[in-house]
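Both counts, for ligands and for their atoms, begin at 1 and track the order of listing.
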Amino acid sequence: MPTSPTTLAADAQPAPFVFDARHTALIVIDMQRDFIEPGGFGSSLGNDVTLLSGIVPTVAALLRHARASDWFVVHTRESHAADLSDCPPAKRLRGAPGLRIGDPGPMGRILIRGEPGNAIVDAVAPMPGELVIDKPGKGAFYDTSLDRALRERDIRYLVFAGVTTEVCVQTSMREANDRGYDALLVEDATASYFPEFRDATLAMIRSQGGIVGWTAPLAALMAAA
Ligand code: C5J
């Protein structure tokens, strides 16, 4: 794959992912305590949170790579205002039986900004200068300033990681695709409580010639040349 001095190509599916590091952002989706830590909202619903916590070291390595490569770094949190004014009833009322957005949970009110469980886990916490987007939807672009922040910096290539693959990660990647970004999902830096959903999402993203984008393991992205 021919490259210019600033253009890199990563071995990806369904084809090499060609990107320019000067115009690349890492988007880490919803690595929040309530989804990932034992004793949080996710585990109180009976989910095996080790499926999610298992990717934390890989996401941390990806963050180190992005910072060393001078990519713009963005973290998202799925979160709502304390008065739930940004949470439509259609979202709130479809929560798991007995536990809904805004209810008291094991780490504070569920998916409410500022509550302990809403924070990003320490190992992948944002650093000064990185953008943190509080998003009321599953997608990172819906009702947020993300698109404007990326366009202001002339970002054209997005690398995605985080949880959960088939919900907030996939929704955000589809939103990015519709907005004209080239996006790659790092296969071993995303997870679901349902591994078969994760695998199906990766297959969907890269199907039909990359209908949503590209996928690659972290090692392939780090070896891009
Ligand atoms: C995310 C969810 N972050 N599964 N949320 O995927 O409700």
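Within the listing of ligand 1, atoms 1 (C), 3 (N), 6 (O) sit less than 4.0 angstrom from a heavy atom of Val163. Atoms of ligand 1 lying under 4.0 Å from any heavy atom of Val167, numbered from 1 in the order shown and given with element: 2 (C), 4 (N), 6 (O). Using a 4.0 Å cut-off to heavy atoms of Asp30, the atoms of ligand 1 that qualify are 1 (C), 3 (N).
The residues Glu78 and Lys91 are annotated as salt-bridged, a charged nitrogen and a carboxylate oxygen being separated by less than 4.0 angstrom. Arg67 has a carboxylate O that lies under 4.0 Å from a charged side-chain N of Glu130, or vice versa, which qualifies the two as a salt bridge. Using a 4.0 Å cut-off between charged side-chain N and carboxylate O, Asp178 and Arg174 make no salt bridge.
Both the backbone and the side chain of Thr164 come within contact range of ligand 1, each with a heavy atom under 4.0 Å. Contacts with ligand 1 closer than 4.0 Å are made by no heavy atom of Val169, backbone or side chain.
Looking only at heavy atoms of the protein, atom 1 (C) of ligand 1 is closest to Cys168 SG, 2.8 Å. Ranking the protein heavy atoms by distance from atom 5 (N) of ligand 1 puts Glu78 OE1, 2.8 Å first.
Here the closest heavy-atom approach between residue Ile101 and residue His80 is recorded as CG2-CD2, 3.7 Å.
Of the N or O atoms in Phe35, none lie within a sub-3.5 Å distance of an N or O in ligand 1.
The shell of residues lying under 4.0 angstrom from ligand 1, judged by heavy atoms, includes Lys138.
Proximity of Phe72 to Leu150: side-chain heavy atoms (C-beta onward) are separated by under 4.5 Å at one or more points.
Taking the six-membered ring where tryptophan is involved, the planes of Tyr181 and Phe141 are tilted, since the angle between them lies from 30° to 60°.
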Assess the residue pair Asp86 and Arg113 against the criterion (salt bridge (Lys or Arg N to Asp or Glu O under 4.0 Å)); give the C-alpha distance rounded to whole Å, side-chain angles, the decisive distance to 0.1 Å, and a yes or no. CA-CA 11 Å; Asp86 58 359; Arg113 257 164 242 148; 2.7 Å; yes

